[in-house]
Every structure is written in structure tokens, then in C-alpha cells.
Amino acid sequence: MAFPDIQSFIRLLEERGELLRVSTPVSRELEITEIADRLVKRGGPALLFENVTGSAYPVAIGLLGTRARVALALGVTDLDALAAKVRALIDLSGGGSRLGLLSNVTKLGDAMNLPPRRVRNAPVQQVVWRGDEVDLSKIPVLKCWPLDGGPFVTLPLVITKDPETGERNMGMYRVQIMSRNTTGMHWQRHKTGTKHLEKARRLGQRLEVAVAIGGDPALIYAATAPLPPVPGLDEFALAGYLRGQRYPVTRGVTVDLDVPANAEFILEGYVDPAEDWVVEGPFGDHTGFYTLPDLYPRFHVTAVTMREHPVYPATIVGRPPMEDAYLIEASERLFLPAAQLIIPEIVDYHMPPAGVAHNLVFVSIRKTYPGQAYKVANGLFGLGQMMFAKVIVVVDEDVNVTDFSAVWREVTRKAVPGRDTLSTRGPTDVLDHSSRGWGYGGKLIIDATTKRPEETGSGVSSRDHQAGDLAPEAFQAQVSPELPAFEGVLAQRQTADGYWLVALRKTRAGQARDLTSAFVAHPAAAGMRHLLICDDETDVSNLEDVWWTILNNIDPERDVWVEGNLLAWDGARKLPEEGFVREWPPKIVMDPAVVTRVDRLWNVYGLPERWR
């Protein structure tokens, strides 16, 4: 199903009972965020706020907040069906080059939907602000979290063109409103927008930019998708293929760029590479932590175009699970066939919400030889944005990689600390606050597959061999009825899967190492395989909260080590006394006054009690 625009998608969601309207006046500063956050975490409906204080335009949020809604937006009955769509574009028969992704696209009828279609009369240009008419404060851009540096456009489709080749790019880079006609432009070092800006700098010219807000939901998804480097395949082409129709575009009114004709708003303008960068942030990011302030380019808005009656679509990111988890899952399904083409033993893979995309990858394989788990993991590190992955866990083909607890049980059953774990280094997401350097840090591979004799050093099958008292495949931990007191430990618990979860208030250098040594020496450690040390804000009764904290707060090479029969994970805050010189960001927490206000007004909003 192809949607003409985001408003048609909103109407369909409402017809299906998947969207609720709120007519009560609400604030764009924190209040909308608090309401929407509750609903997305409970799998609730999307919301349309019709009366936003200080703006004439309604706000739609949470439109892609469930697996089913993302599937509907992309025209499939289930996200798994996306893989079948991609297989139709990939030569899996072996008759051509295995690296020739999309090489046979012209043989398919659906290929006609790849190039965008130019239109003259674009709904998004029904109203035009130019020059002094531009006032971004009239658009209901949200301030999402208390420490945010200001309001941020959270679903921006940022369009640029390579100054040399003319090749088009669209990416979703957050946009902070700085003034009535300027914004920040959060182009990270690995992003295509940064490359285009660097080329413009070398050529001594400004870089034209357009920021689209809205459009077909397939285009919103496409802007988030990690596209393979295939000539002619851009975000408009991907959206056209997914929707089964060529995507409608029009020329901007002040920029020489194609923009989506069916968007709600377009911000047109330029970035001057010769201009000093501006402080952008903080921002409550998808990691669940604040991204700290940094210098980024300034975007000058020369015109704003819009529909006569636009809707402002938004999302919020933060502590998982969030709406972006379903977009990540769609990308998993969409690019599974491409990963299998390059690494054919892959059965499936999954990036759990607790890993906020890059921090954790589960992959199942058909294993036929020793060392294959490491071959697959290292291959994944070389695939596009998978280079940012921090921890990769490899399991056998019969393990369901979407079952979070089941995978970690496999780790205790089949991965001996030290023998079946391997540290390496590589690029990290620049939002990773715990890595050894900005955009560079350690990585960890865990081989939780069934071992072959060569991998145990025993000369016999690992099903018949127990490596000392470490981790036989029939492993079952013994949970201690009473847990000892340790310095700085505020809460702790053990699991039957062999994990000891600890909330630590770290006050000195080396405290996590000392805790690990004391733990290993204690009788309660018998049968435990992993010590998960978290900060003192972590709920140790919630396994996903524990792993979310751990994965955000470790550089695996520095913070994961073997002691005795144990793998220790130091996910507590890093201190300057430990040699960590970067600033440590806070976790995202909503202002208690806003929480109280929303509690008090819940029935006034007209929202069902079950979503409170």
C-alpha cells in the first residue's frame, strides 16, 4: 500500500483504532514527550495533539511505535516480509557476482518504481515563507527532555547533493532550533552529509540543504536505513521500491535540490563551510543518555514551504524501548538477505532494544568448522554501519535470536570466559560515551556456539568434555540463598542462568576490580559465570535495564575481563582517577514536576487509564 502522505497514514491508523486525538491544550516543552513515552513503552496507540500551545499546527507522534504499524507503513503484513522484497533485488542464484548487490534490478517490474517522479504542483509548496517571513518558532518543534539544549526536529529528512558528482543523499540527522531562521546540523564524522560539506569546503562554496518533515512513512523509514553502496540506489529509490510507486519530488523554491512533494514542511537553506561551528546540544539521545554539547555546522534557513493545513510529525528517543527500536528491526529484516549473500552461514541476526542498535548484535549461524563464529563476527564488523557494533554474540542456528533471555542462557552454557571470548578494536558510534576515544574503542566477540574438539583443546567433543569446572553445555548455576555485603554495592541478585547483577556506587579508582576479586573468592560465586556491575541508578531486578546500562558504559577491551572462572563486566561510571578523561553524561530522566502534571491531567487528556 502506498500512502499519498503522512496525513493519509494518520487517518488509516485512526480508522483502525491505532491513533488517539488529544484536544486539550498541551505544551511542546516536555509534556508531549512524557505522554508519548508512556504509550510507546506500553505498546499503545499513536497520538495526534490538536491544540499545541503557541502553534497553529497539530503534532503527530508515535506513528511507527509498534512492529505492526511499521509493517503497515512499509506495505507488508509483517516485517519479516521485507526480506522477501529484498531477495527479489539480489542475485542469490550464484549466476552473477556474489558482491553484485541489486545487479539484476533492471530485470524486475518493480524496478520501474525506483527513480523518483518529478511533479510541478507540490502540496508542500502551497504556503511559502521567504526571508524575514521565516520564523521556526511557529512550527511546534518539541523540547523532549529536561536537559536538552532546546527544541529539536526529531524526524528530519536532511537532503544534500554531492558538490562534485551531484549524487543525492538523505539522512535523519537531528536538527536543533537555534533562532527564528537558523538551526544546528548534527552531521557526525561518518555521515554522508559531512562528506558533502567537506567537498563544498574544498571547492570554496556553500552547501545547499533541504530538511523535509513528513512525507510518505516509507520515506521516513528510508531516511534511517543503512543503504548498501549501490550506484543509483538512494533513499527516494528505496521508498519508491517499498511503496510500489515512483516517489513524487519537486524542486525547492530557493535551493537546487529535489524535495518530497508530499511532505508537510520543507526547510530550505545552506550551510557555509567557512563559518565557525556552533555549540549544539545537549540532547537526550537514542542511547538513553544525553549526548553532551559539541560543535556542529550552522544551517541558515532561507525559506520554509508547507501545506495549507500541515501536521508536524515527531518522535522521541531515549531510554529503550522506544519507537526507533521498530525502525531498527525493519532494517534488520530488510538487509538480512544482503548480509546472508556476503556471509552465507548467517541464519538470522537481531539488535535488541537494550543494545540501542550498535551496542549488541545476536547472530545465529550454521556452523560447520572450528572458528566459524569469529569469522562471522569479524565479517559483520566489516559490513557498513555494522562496523559500529560493540558486542557480537554468535549462537547456533536453532537459537531464536529475538529471545533475549534465551541467548544469554546460551552464553553461560556454551561460552567459557577467556576461551570463547575475544576482544578487538575498531570504529564506534560517536555517541558512545564510554569508548577509549571519540569514535574509536574496544569490541567483544562471544562464541556461544557448540564447540568442536579443536576449539576446546580436548581432542573430544565438547558435549562429552567439561573444561575444568567452567561451563559444560548442560550448565545450571547454583543461586546462593544469602548474598554477602560488598563495598559500595546498593543492590544485587543472582540468576539461575549464572549471572550476578550488582548496582555499585563507585567512589574510587579500582573499586570494580576489587569487587570482582572479592566476589570470586566468596563461596556464593560458585556456579556464577558473569558478574554484571552497573551504576547505582540501575534496577537489578530488570535484566534488560542491567544490560542497557552495561552496554552503554563499557569499552569491552578495558572493562570486560576474566577473573577465575568468571567474566566481569564493569558497567559502572568511569572516573578521572581511572584515566578516563572524557565527560560522563547523565541518564535521561523526566522532570518530576512534568510527570506529576501528566498524572494529574491524564483523564483530562481523554486517554484510557491502561496507558497511564
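The model shown is predicted, which means the values in this text are computed figures rather than measured ones.
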Visitor: Locate the shortest heavy-atom distance separating Ile220 from Leu157; write the atom from each residue and the value.
Guide: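 Distance-wise, the nearest heavy atoms are CA-CD2, 4.0 Å.
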Visitor: Show your reasoning for whether side chain to side chain donor-acceptor pair (under 3.5 Å) applies to Thr516 and Glu563.
Guide: CA-CA 8 Å; Thr516 302; Glu563 188 154 344; 5.0 Å; no
Visitor: Please step through side chain to side chain contact (heavy atoms under 4.5 Å, CB included) for the pair Trp569 and Asp559, ending with a clear verdict.
Guide: CA-CA 6 Å; Trp569 306 65; Asp559 300 322; over 6 Å; no
Visitor: Could you walk me through whether Asp535 and Thr538 satisfy the side chain to side chain donor-acceptor pair (under 3.5 Å) test, starting with their C-alpha distance in whole Å, then the side-chain angles of each, then the deciding distance to 0.1 Å, before giving a yes or no?
Guide: CA-CA 6 Å; Asp535 59 33; Thr538 304; 2.7 Å; yes
Visitor: Identify the two heavy atoms, one from Pro556 and one from Gly442, that lie closest to each other, and give their separation to 0.1 Å.
Guide: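 Shortest heavy-atom separation between Pro556 and Gly442 comes out as CD-O, 3.1 Å.
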Visitor: State which residue, out of Leu292, Asn552, Thr287, fulfils the side chain to side chain contact (heavy atoms under 4.5 Å, CB included) condition with Pro585.
Guide: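 Of the listed options, the one satisfying the test is Leu292.
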Visitor: Going by side-chain hydrogen bond (donor to acceptor under 3.5 Å, both in side chains), name the residues that satisfy it together with Gln385, two or more places apart in sequence or in a different chain.
Guide: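 side-chain hydrogen bond (donor to acceptor under 3.5 Å, both in side chains) list for Gln385, sorted by chain: empty.
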Visitor: The criterion is ring-ring contact (aromatic ring centres under 6.0 Å, His included); which residues satisfy it with Tyr326, sequence neighbours excluded?
Guide: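 Applying ring-ring contact (aromatic ring centres under 6.0 Å, His included) to Tyr326 gives none.
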Visitor: Is there a side-chain contact between Val393 and Trp408 in this structure, where contact means two heavy atoms from C-beta onward sitting under 4.5 Å apart?
Guide: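 Yes, at least one pair of side-chain atoms sits under 4.5 Å.
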Visitor: Considering residues at least two apart in sequence or located in another chain, which fulfil the side-chain hydrogen bond (donor to acceptor under 3.5 Å, both in side chains) criterion with Thr160?
Guide: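 Here the qualifying residues are His196.
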Visitor: Is the closest side-chain heavy-atom distance between Thr449 and Lys451 below 4.5 Å?
Guide: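 A side-chain contact under 4.5 Å exists here.
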Visitor: Among pairs that include at least one residue of residues 378-393, which meet salt bridge (charged side-chain N to carboxylate O under 4.0 Å, His left out), considering only residues two or more places apart or in two chains?
Guide: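 Applying salt bridge (charged side-chain N to carboxylate O under 4.0 Å, His left out) to every pair that reaches into residues 378-393, excluding sequence neighbours, yields Lys390-Asp432.
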Visitor: Can Arg174 and Asp285 be counted as an ion pair, charged N to O under 4.0 angstrom?
Guide: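 Counted as a salt bridge, because a side-chain N and a carboxylate O are separated by less than 4.0 Å.
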Visitor: Can you name the side-chain contact (heavy atoms from CB on, under 4.5 Å) partners of Thr224, sequence neighbours left out?
Guide: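 With sequence neighbours excluded, Thr224 shows a side-chain contact (heavy atoms from CB on, under 4.5 Å) to Met172, Tyr221, Leu327, given in chain and number order.
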Visitor: Taking the side chain as every heavy atom from C-beta outward, state whether Val356 and Trp548 have any pair of such atoms under 4.5 Å apart.
Guide: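 Yes. Closest side-chain heavy atoms under 4.5 Å.
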Visitor: How far apart are the C-alpha atoms of Tyr349 and Leu336, what are their side-chain angles, what is the distance that settles it, and do they pass the side chain to side chain contact (heavy atoms under 4.5 Å, CB included) test?
Guide: CA-CA 8 Å; Tyr349 77 104; Leu336 174 61; 3.6 Å; yes
Visitor: Output a table of donor-acceptor pairs, distance under 3.5 Å, between side-chain atoms of residues 70-84 and any protein atom two or more places apart or on a different chain; print 'none' if there are none.
Guide:
| residue | atom | partner | partner atom | Å |
| --- | --- | --- | --- | --- |
| Asp78 | OD1 | Arg67 | NH1 | 2.8 |
| Asp78 | OD2 | Arg67 | NH1 | 3.1 |
| Asp78 | OD2 | Asp80 | N | 2.9 |

Visitor: Can you list the steps and then say if Asp545 with Arg319 is a salt bridge (charged side-chain N to carboxylate O under 4.0 Å, His left out)?
Guide: CA-CA 9 Å; Asp545 190 46; Arg319 195 166 182 153; 2.8 Å; yes
Visitor: Could you tell me whether Glu198 and Lys195 have a side-chain N and a carboxylate O separated by less than 4.0 Å?
Guide: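 Not counted as a salt bridge, because no side-chain N and carboxylate O are separated by less than 4.0 Å.
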Visitor: Does anything in residues 342-370 pair up under salt bridge (charged side-chain N to carboxylate O under 4.0 Å, His left out), and if so which pairs, sequence neighbours excluded?
Guide: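 Qualifying pairs: Arg333-Asp348, Glu345-Lys375, Arg366-Glu397, Lys367-Glu455.
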Visitor: Less than 4.0 Å between a side-chain N and a carboxylate O, is that true for Lys199 and Asp162?
Guide: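 The answer is yes: the pair qualifies as a salt bridge.
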Visitor: Would you mind reporting whether Ile365 and Ile343 have side-chain heavy atoms less than 4.5 Å apart?
Guide: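 The answer is no; the side chains never approach within 4.5 Å.
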Visitor: Would a line drawn from the ring center of His186 to the ring center of Tyr173 be shorter than 6.0 Å?
Guide: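 Not under 6.0 Å, so no.
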Visitor: Are Asp570 and Arg513 packed together at the side-chain level, in the sense that at least one heavy-atom pair is separated by less than 4.5 angstrom?
Guide: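 The answer is no; the side chains never approach within 4.5 Å.
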Visitor: Strictly distance-based, threshold 3.5 Å: is any side-chain N or O of Asp429 a donor or acceptor partner for the main-chain N or O of Leu431?
Guide: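 Confirmed, Asp429 side chain pairs with Leu431 backbone.
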Visitor: Using the salt bridge (charged side-chain N to carboxylate O under 4.0 Å, His left out) criterion, which residues pair with Arg573? Sequence neighbours excluded.
Guide: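 Partners of Arg573 under the salt bridge (charged side-chain N to carboxylate O under 4.0 Å, His left out) test: none.
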Visitor: Restricting to non-hydrogen atoms, name the atom on Phe236 and the atom on Leu219 that form the minimum distance, rounded to 0.1 Å.
Guide: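 That would be CD2-CD1, 3.8 Å.
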Visitor: Hey, is the main chain of Leu155 close enough, under 3.5 Å, to the side chain of Thr315 for a donor-acceptor pair?
Guide: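 No, because the side chain of Thr315 does not come within donor-acceptor range (under 3.5 Å) of the backbone of Leu155.
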Visitor: Just do the side chain to side chain contact (heavy atoms under 4.5 Å, CB included) check on Val399 and Phe362 with the steps written out, would you?
Guide: CA-CA 10 Å; Val399 178; Phe362 294 155; over 6 Å; no
Visitor: To the nearest 0.5 Å, tell me how far Asn359 CG sits from Leu551 CG.
Guide: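 Result: 5.5 Å between the selected atoms.
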Visitor: Grab the two heavy atoms, one from Asn169 and one from Gly193, that are nearest each other, plus how far apart they are.
Guide: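 Here Asn169 and Gly193 meet closest at ND2-N, 4.3 Å.
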Visitor: Is it true that Glu487 and Arg508 make a salt bridge, defined as a side-chain N closer than 4.0 Å to a carboxylate O?
Guide: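 Answer for the salt bridge query: yes.
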Visitor: So which atom in Ala448 and which in Val411 form the shortest heavy-atom distance, rounded to 0.1 Å?
Guide: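 Taking Ala448 first and Val411 second, the nearest heavy atoms are CB-CA, 3.9 Å.
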Visitor: Evaluate the criterion side chain to side chain contact (heavy atoms under 4.5 Å, CB included) for residue pair Val317 and Phe283; output intermediate values, then yes/no.
Guide: CA-CA 10 Å; Val317 294; Phe283 177 68; 3.9 Å; yes
Visitor: ring-ring contact (aromatic ring centres under 6.0 Å, His included) with Phe580: which residues, sequence neighbours excluded?
Guide: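 ring-ring contact (aromatic ring centres under 6.0 Å, His included) list for Phe580, sorted by chain: Trp584.
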Visitor: Indicate yes or no for a side-chain donor-acceptor contact from Lys443 to the backbone of Met387 under 3.5 Å, with no hydrogens or angles considered.
Guide: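 Yes, because the side chain of Lys443 sits within donor-acceptor range (under 3.5 Å) of the backbone of Met387.
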Visitor: Compare all side-chain heavy atoms of Ser423 with those of Val560 and state whether any distance is below 4.5 angstrom.
Guide: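 Contact flag for Ser423/Val560 side chains = no.
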Visitor: Using the ring of each side chain (for Trp, its six-membered ring), is Tyr499 parallel, tilted or perpendicular to Trp547, with breaks at 30° and 60°?
Guide: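 The arrangement is perpendicular - the two ring planes meet at more than 60°.
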Visitor: Could you work out, with ring-ring contact (aromatic ring centres under 6.0 Å, His included) as the rule, every residue matching His286, not counting sequence neighbours?
Guide: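 Checked His286 against ring-ring contact (aromatic ring centres under 6.0 Å, His included); zero matches.
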Visitor: Keeping Gln494 on the side-chain end and Met528 on the backbone end, is there a donor-acceptor pair under 3.5 Å?
Guide: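 Flag not set: sc Gln494 to bb Met528 has no pair under 3.5 Å.
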Visitor: Taking the side chain as C-beta and beyond, is there a heavy-atom pair between Met322 and Val40 under 4.5 Å?
Guide: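 Yes, side chains in contact.
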Visitor: Would you say the side chain of Lys414 lies within less than 4.5 Å of the side chain of Thr450, judging by non-hydrogen atoms?
Guide: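 Side-chain contact under 4.5 Å: yes.
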Visitor: Show, in sequence, the C-alpha distance, side-chain angles and deciding distance for Ser434 and Arg558, and conclude whether the side chain to side chain donor-acceptor pair (under 3.5 Å) test is met.
Guide: CA-CA 10 Å; Ser434 61; Arg558 179 192 64 218; 4.9 Å; no
Visitor: May I ask you to decide if Asp497's main-chain N or O and Thr412's side chain share a donor-acceptor pair within less than 3.5 Å?
Guide: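 The answer is yes, because a donor-acceptor pair under 3.5 Å joins these two groups.
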Visitor: Under the ring-ring contact (aromatic ring centres under 6.0 Å, His included) rule, collect the residues that match up with His358, sequence neighbours excluded.
Guide: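 Scan of His358 (ring-ring contact (aromatic ring centres under 6.0 Å, His included), adjacent residues dropped) gives Phe388.
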Visitor: Please identify each residue that fulfils side-chain contact (heavy atoms from CB on, under 4.5 Å) with Arg436, with sequence neighbours left out.
Guide: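 For Arg436 the side-chain contact (heavy atoms from CB on, under 4.5 Å) partners, ignoring immediate neighbours, are Arg425, Tyr440, Asp555, Glu557.
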Visitor: Please report the shortest heavy-atom distance between Val520 and Gly564, naming the atom on each side.
Guide: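 That would be CG1-CA, 4.5 Å.
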Visitor: Check whether any side-chain N or O of His522 sits under 3.5 Å from a backbone N or O of Ala524 as a donor-acceptor pair, and report yes or no.
Guide: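 Present.
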